[in-house]
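Below: the structure, in structure tokens.
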Amino acid sequence: MAHSTGSNQAIKPGSTLLKSFVGVAAIKKGYEGVDRDKASHDESTTVQSMRIARTVYEASKDSLYFSHQQKRDQAITEKCNALVERKRLLEESDTTSQLVHADKVVARLKENRDLSQSIVHIDCDAFYASVEQHDRPDLKDVPFAVGDTVVAACNYIARKTGCRAGMVIAVAKKMCPNLTIVKPNHDRYREVMAQICKAMEKYDPGYEICGTDEAYLNITKYCTEFGTKPWDVVESLRKDIRHETGIAVAAGIAANIQLAKISSTFIKPDGQYQLPSEPDIIMAFIKDLPVRKVTGIGYTLDRQLASIGIATCDDIFSQRQFLRDLFGDRLFEFLLEVYLGCGRTELQATLEQQKKSASIERTFKETSAPDIIERNLRTVCEDVEAKLKELNRAGQTLTVKVKMNDFESYSKQMKLPKAISSARDIFQHSLPFVKATVASKPHQACRLLGVRLTQLVSKEYTLSAAFQRMADRSTHSESDSLLGVKEKELPSPAGKRKLGDNLESCELSPRKKKLNLATESSEINPLESFRCPSEMIRCPICDQDQPPDNVLFNQHLDICLSLSEIQKYS
DNA sequence: GCGGATCAC
DNA sequence: TATGGTGATCCGC
């Protein structure tokens with residue numbers, strides 16, 4: 001294949017753009033599956049990663065996505081340049097006080113670190129692919145990838161051809177023409193994860209789930225209780241998991257979650273690695289580790305650190321006098337912790353984790369037609385409503401996100417006077433920003449809409465929830481959408497259906513319309529819509545009937561609500 | 001409080 | 001045939 005001068009220049013080995021092409025997975029995980037079989041990073045590895053980068057580059061160079069990435073990369077480069085310049089100035093000044101301070105912090109961290117715990121990190125390598133391969137033996141010997149438009153996971157045969165998680169499937173197929181694509185089956189993966197949880201419970205009921213395919217356990221207690229060694233415990237845990245689910249997991253054992261996680265990557269996809277909890281051994285283990293492998297150090301920070309001469313964890317120490325000035329207090333301390341191999345030892349039990357936000361964002365075929373955009377927004381809002389309902393929460397801060405087809409995104413966050421949860425409320429608060437943003441970019445189209453609610457409050461005792469329950473009771477309604485027909489059910493092609501600003505133009509069935517109106521008016525005067533003349537009103541908190549008088553009923557509600565609040569905290 | 005970025009999976 | 005979705009956190013206003 002003849003290389004054009006253009007692409008040769010654009011994609012020099014080591015160029016930052018090349019790095020971002022090969023993808024997060026390849027950099028972070030060290031080209032697993034490709035050079036794992038080789039003893040060292042020899043020339044063929046470089047050739048292989050160059051081939052991947054070149055293929056991705058050729059497929060992407062004309063896309064809007066590419067120009068956006070280029071722009072982003074340029075911004076990071078400028079950040080790095082500024083950093084280098086600031087470091088140069090620092091080098092000219094007297095940095096002894098910063099050096100002393102850094103050493104004090106190091107001493108403090110050393111003093112306080114806890115090496116008494118046995119933390120285990122369980123990692124299901126290429127989880128989706130493992131599950132699919134287990135369920136479908138026909139996939140065993142063919143290259144395949146799980147994913148929709150982007151590869152979520154692929155097996156080792158596919159990886160050898162350069163297929164990677166995060167790659168666009170069209171590109172992956174270019175690299176591996178006989179790649180089989182499997183649609184993800186999330187319910188099934190959740191099921192398998194639940195089985196894994198069941199197996200872990202025996203060893204530590206306080207285990208922590210992290211993402212869809214990772215977990216931490218603290219087996220210290222189990223070990224002392226049964227007089228067993230961590231290594232043996234993890235062996236039987238992995239055996240249990242394999243027996244229950246049929247899939248293999250990797251495990252890392254160390255003094256804290258940071259080290260355990262790094263340890264588990266040492267023996268992927270199947271095996272276990274224990275890092276002894278002795279300071280000298282930990283320091284030796286960390287010493288030459290590229291900082292990029294550490295959780296919390298991503299593409300951007302890695303490049304910033306590299307620009308000032310920090311590639312490995314040991315380099316952090318030699319540059320410690322500059323870090324506070326360059327990165328601020330928080331990052332400074334984090335980096336020193338990395339250097340020392342410090343990390344969290346307390347797990348957050350999965351059951352006790354409370355969500356802080358609920359969000360939906362969706363990418364669709366780009367469009368600038370206001371009615372389609374509006375309809376997409378409606379769908380997104382409905383899905384957020386459903387999610388909030390599941391959590392039994394309402395949110396007081398709303399964030400709306402719009403991404404245009406140049407991949408630039410804009411967001412607006414608003415603190416609302418009160419927590420909301422209905423699709424209608426969310427939609428009404430989101431729409432103005434979406435409309436304004438789209439209108440301000442007349443030559444672009446919208447490709448994504450997102451809605452997030454934060455500052456979640458329990459709906460348990462909020463008025464709107466209470467009245468929603470009343471509404472449900474009085475209409476015997478199922479959980480039908482408040483906003484009418486879902487897009488996929490629309491009989492007419494997109495665009496034909498004209499939806500105005502006014503929600504009344506939604507075609508709603510009589511019953512839905514009623515519920516719709518009821519919900520709407522509940523915002524303004526909740527009582528009005530449910531008041532049945534000369535009938536008692538049932539208080540949704542205490543479930544007692546009350547006289548049909550708004551003022552009296554409001555007073556009663558106030559008392560009832562404060563009572564239940566008091567009960568909650570006493 | 002807000003908007004943008006970053007990070008992980 | 002063409003670059004995802006969810007949740008969290010931090011920084012600098």
Side-chain angles (χ1 to χ4, degrees), chain A residues 20-21 23-25 28-29 55-69 72 75-76 79 123-128 146-153 164-174 181 184 186 189 193 209-215 257-258 261 292-304 327-334 348 353-366 380 383-384 387 391 395-403 405-416 433 437 447-456:
Chain A
S20 61
F21 282 148
V24 173
K28 189 96 185 177
K29 300 183 180 171
T55 309
V56 179
Y57 173 78
E58 287 301 328
S60 315
K61 61 180 177 184
D62 296 324
S63 65
L64 286 166
Y65 177 75
F66 176 78
S67 2
H68 180 256
Q69 285 299 109
R72 211 183 138 247
I76 295 170
K79 233 174 172 175
D123 195 319
C124 317
D125 177 68
F127 184 51
Y128 296 176
V146 184
D148 249 334
T149 55
V150 171
V151 176
R164 291 285 183 285
M167 239 174 215
V168 181
I169 284 181
V171 175
K173 270 191 162 163
K174 203 163 278 185
I181 305 298
H186 293 284
Y189 310 143
M193 195 57 200
I209 301 266
C210 178
T212 49
D213 63 342
E214 286 182 36
I257 66 170
Q258 289 270 4
K261 187 172 166 93
R292 184 66 175 89
K293 301 249 181 194
V294 175
T295 310
I297 299 181
Y299 176 77
T300 307
L301 184 54
D302 180 49
R303 273 196 52 197
Q304 288 180 307
F327 295 109
D329 262 326
R330 248 184 135 105
L331 207 45
F332 163 72
E333 194 146 324
F334 169 72
Q348 202 184 12
Q353 290 175 16
Q354 75 286 38
K355 294 220 167 154
K356 297 182 174 165
S357 75
S359 69
I360 294 283
E361 56 187 58
R362 201 146 290 156
T363 299
F364 43 84
K365 192 166 127 59
E366 63 181 53
V380 167
D383 291 350
V384 173
K387 199 171 266 196
L391 295 169
Q396 212 186 340
T397 301
L398 172 69
T399 308
V400 188
K401 176 173 165 183
V402 177
K403 182 149 77 177
N405 60 347
D406 63 354
F407 289 89
E408 205 66 51
S409 47
Y410 309 88
S411 68
K412 179 157 188 69
Q413 181 182 335
M414 35 205 148
K415 169 110 181 156
L416 305 169
F433 174 71
T437 306
R447 80 186 322 273
L448 171 144
L449 289 173
V451 166
R452 170 162 74 250
L453 279 162
T454 42
Q455 304 257 290
L456 300 187

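Residue numbering restarts at 1 for every chain, and letters A, B, ... go by the order of the sequence lines.
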Which protein N or O atoms sit under 3.5 Å from an N or O of nucleotides 1-3 of chain B?
{"unit_1": "B/dC2", "atom_1": "OP1", "unit_2": "A/K415", "atom_2": "N", "d": "3.1"}
{"unit_1": "B/dG3", "atom_1": "OP1", "unit_2": "A/K412", "atom_2": "NZ", "d": "3.4"}
{"unit_1": "B/dG3", "atom_1": "OP2", "unit_2": "A/Q413", "atom_2": "N", "d": "2.4"}
{"unit_1": "B/dG3", "atom_1": "OP2", "unit_2": "A/Q413", "atom_2": "O", "d": "3.1"}

Report task. Sequence neighbours left out, what passes side chain to side chain donor-acceptor pair (under 3.5 Å) with A/Q396? Give chain and number order. Result ->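 Residues passing side chain to side chain donor-acceptor pair (under 3.5 Å) with A/Q396: none at all.
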Query - Those residues that, when tested against A/E361, pass side chain to side chain donor-acceptor pair (under 3.5 Å) (two or more places apart) - result: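 In terms of side chain to side chain donor-acceptor pair (under 3.5 Å), with neighbours along the sequence ignored, A/E361 is linked to A/K401.
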Query raised in the report: A/K79 side chain N/O closer than 4.0 Å to the phosphate oxygens (OP1, OP2) of B/dT6?
Result: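 For A/K79, the contact criterion (side-chain N or O under 4.0 Å from OP1 or OP2 of B/dT6) is met.
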Requested in this report: Considering only NZ, NE, NH1 and NH2 on the basic side and carboxylate oxygens on the acidic side, decide whether A/R330 and A/E333 come within less than 4.0 Å.
Outcome: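 Salt bridge flag = no for A/E333 with A/R330.
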For [X], enumerate each residue passing the salt bridge (Lys or Arg N to Asp or Glu O under 4.0 Å) test, keeping only those at least two apart in sequence or located in another chain.
X: A/E366; answer: none
X: A/D329; answer: A/R324
X: A/D148; answer: A/K183

Report task. Provide, to the nearest angstrom, the distance between the CD atom belonging to A/E408 and the C1' atom belonging to B/dG4. Result ->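 Atom-to-atom, A/E408 to B/dG4, this comes out as 10 Å.
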Query raised in the report: A/Y57 has an atom OH; how far is it from atom P of C/dT3, in whole Å?
Result: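 For the pair A/Y57 OH and C/dT3 P, the rounded distance is 18 Å.
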Query - A/C210 or A/I76, whichever maps to the more 5' nucleotide of DNA chain B - result: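 This one resolves to A/I76.
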**Report entry** By ring pair (Phe, Tyr, Trp, His ring centres under 6.0 Å) - contacts of A/F332 (at least two apart)
**Finding:**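 If we apply the ring pair (Phe, Tyr, Trp, His ring centres under 6.0 Å) test to A/F332, skipping adjacent residues, the hits are A/H101.
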Query - Test ring pair (Phe, Tyr, Trp, His ring centres under 6.0 Å) applied to A/Y189 - qualifying residues, sequence neighbours left out - result: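 For A/Y189 the ring pair (Phe, Tyr, Trp, His ring centres under 6.0 Å) partners, ignoring immediate neighbours, are A/Y128, A/H186.
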Query raised in the report: Is A/D148 touching bases, backbone alone, or none of the nucleic acid, heavy atoms closer than 4.0 Å?
Result: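 No contact at all - A/D148 keeps every heavy atom at 4.0 Å or more from the nucleic acid.
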Query raised in the report: Which parts of nucleotides 7-13 of chain C does protein reach within less than 4.0 Å, heavy atoms only, written one letter per nucleotide 5' to 3' as B for base, S for sugar-phosphate only and - for none?
Result: SSSSS--
